[in-house]
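All values reported here derive from a predicted model rather than from experimental measurement. Quick note: residue numbers are just sequence positions, from 1. Hydrogens, waters and symmetry mates are skipped; everything else that's a heavy atom, side chains included, is used.
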Amino acid sequence: MSGQTIVDHATLDLIARQLTDLATAVDGCAADAPRSIDAGEATDAALDILSLLSEVAGRLVVGARTNAEQVTTDNASYRATERENTARTTGAGG
């Protein structure tokens, strides 16, 4: 059929799981972040770099979790639509 969309639910489940795992792994690194740094004259620069890295990591965690939730939601929607279409097709025959 032309224009038909085929959805691989297992692949979408895997993508959502990998995004969740990524978010969990990156978030887990926060416990290992140094609380203070003594880099001599470069301390201010090192703190700026650490601050930026922490901010970017936080955004990555939020983005990965948000996208994992969206993939899961969309996959559930695809499944529901397929069930509805199958029911209509099955019930429409003669």
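Ion pairing between a basic and an acidic side chain is recognised when a charged N comes within 4.0 Å of a carboxylate O; D74 and R79 show no such pairing. The pair R65-E69 does not count as a salt bridge, with every side-chain nitrogen at least 4.0 angstrom from each carboxylate oxygen.
When all heavy atoms of G63 and N67 are compared, the pair lying nearest together is O-ND2, 2.7 Å. Contact between A16 and A68 at its shortest, heavy atoms only, is O-CB, 3.5 Å.
Not a single side chain to side chain donor-acceptor pair (under 3.5 Å) links D27 to another residue, sequence neighbours left out.
A donor-acceptor pair under 3.5 Å is absent between the side-chain atoms of T90 and the main chain of A87, judged by distance alone. T24 places a side-chain N or O within 3.5 Å of a backbone atom of T20 that can act as its donor or acceptor partner. For the pair N75 (side chain) and L12 (backbone), a donor-acceptor distance under 3.5 Å is absent. Here the side chain of D13 pairs no donor or acceptor atom with the backbone of I15 at under 3.5 angstrom.
Note: S54 OG to L47 CG = 10.5 Å, rounded to the nearest 0.5 Å. A distance of 9.5 Å separates CG of L19 from CG of L14, quoted to the nearest 0.5 Å. To the nearest 0.5 Å, atoms CG (L53) and CG (D48) are separated by 12.5 Å.
Around atom CG of N85, more than 12 heavy atoms belonging to other residues, nucleotides or ligands sit under 6.0 Å away.
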Fill in: side-chain contact (heavy atoms from CB on, under 4.5 Å) assessment of L60 paired with L22
CA-CA 9 Å; L60 177 62; L22 169 69; 4.3 Å; yes
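In the hydrophobic clustering, V56 connects to L52, either directly or through intervening members, whenever side-chain heavy atoms lie under 4.5 Å apart.
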